[in-house]
Student: 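Take a look at this one; I'll ask things after.
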Amino acid sequence: MSWMAWTLPTASFFVIIALILVGMSVWQTVSPGHQRKGFLPISTTRGDRLFIGLLAAAYAHLLALALTGWPLWIVTLVCVAGLIALLKWG
């Protein structure tokens, strides 16, 4: 893996995403979900809401990098809170 410049933040990011995916897979196996309609304009499953939340977080980080001088840890905290809200009420 020497071709990629692995830094602690980069490795942490990929490990956390992998753990989220494993956790959601286990949760779906133990307690199968169903489609429901929350505040999103479509009917979604847990996996759909996770995917939408991760995509929204990626775009939020890119916008923050491009348009603001905010530290990324602030954007990350906002995105985590948004992801939790999206998974719960989305």
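Count residues from 1 along the sequence. All heavy atoms count here, side chains included; hydrogens, waters and symmetry mates do not.
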Student: Which residues pass the ring pair (Phe, Tyr, Trp, His ring centres under 6.0 Å) test with Phe14, not counting sequence neighbours?
Tutor: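 Phe14 satisfies ring pair (Phe, Tyr, Trp, His ring centres under 6.0 Å) with Trp6 once adjacent residues are dropped.
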Student: Could I get the full list of side chain to side chain donor-acceptor pair (under 3.5 Å) partners for Thr7, not counting sequence neighbours?
Tutor: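 In terms of side chain to side chain donor-acceptor pair (under 3.5 Å), with neighbours along the sequence ignored, Thr7 is linked to Thr10.
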Student: Examine Phe13 and Ile16 and state if one hydrophobic cluster contains both, with Ile, Leu, Val, Met, Phe, Trp and Tyr joined whenever side-chain heavy atoms are less than 4.5 Å apart.
Tutor: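 Linked, Phe13 and Ile16 end up in one cluster.
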Student: What pairs of residues pass the ring-ring contact (aromatic ring centres under 6.0 Å, His included) test when at least one of them lies in residues 29-52, not counting sequence neighbours?
Tutor: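 Not a single pair qualifies under ring-ring contact (aromatic ring centres under 6.0 Å, His included).
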Student: For Pro41, what residues pass the side chain to side chain contact (heavy atoms under 4.5 Å, CB included) criterion, not counting sequence neighbours?
Tutor: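 Here no residue qualifies.
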Student: Let me have the donor-acceptor pairs involving side chains of residues 54-65, under 3.5 Å, with sequence neighbours excluded, atom names and distances please.
Tutor:
residue	atom	partner	partner atom	Å
His61	ND1	Ala57	O	2.7
His61	NE2	Thr76	OG1	2.9

Student: Determine all donor-acceptor pairs shorter than 3.5 Å in which one atom belongs to a side chain in residues 81-90; sequence neighbours excluded.
Tutor:
none

Student: Using atom types as modelled, flag every donor-acceptor pair under 3.5 Å from a side chain in residues 17-28 to any protein atom, sequence neighbours excluded.
Tutor:
residue	atom	partner	partner atom	Å
Ser25	OG	Leu21	O	2.9
Gln28	OE1	Gly33	N	3.3
Gln28	OE1	Arg46	NH1	3.4

Student: Would you list the pairs meeting side chain to side chain donor-acceptor pair (under 3.5 Å) in which at least one residue belongs to residues 12-23, sequence neighbours left out?
Tutor: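 Matches after skipping sequence neighbours: none remain.
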Student: My understanding is that a hydrophobic cluster links ILVMFWY residues whose side chain heavy atoms are under 4.5 Å apart, including indirect links. Using that, what else belongs to the cluster containing Val78?
Tutor: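 The other cluster members (ILVMFWY side chains, heavy atoms under 4.5 Å, direct or chained): none.
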Student: How many angstroms lie between CD in Gln35 and OG in Ser43, if you round to the nearest 0.5 Å?
Tutor: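 Rounded to the nearest 0.5 Å, the CD-OG separation comes out at 4.0 Å.
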Student: Listing request: all side chain to side chain donor-acceptor pair (under 3.5 Å) pairs with a residue in residues 47-57, at least two apart in sequence or in separate chains.
Tutor: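 Applying side chain to side chain donor-acceptor pair (under 3.5 Å) to every pair that reaches into residues 47-57, excluding sequence neighbours, yields Thr44-Arg49, Thr45-Asp48.
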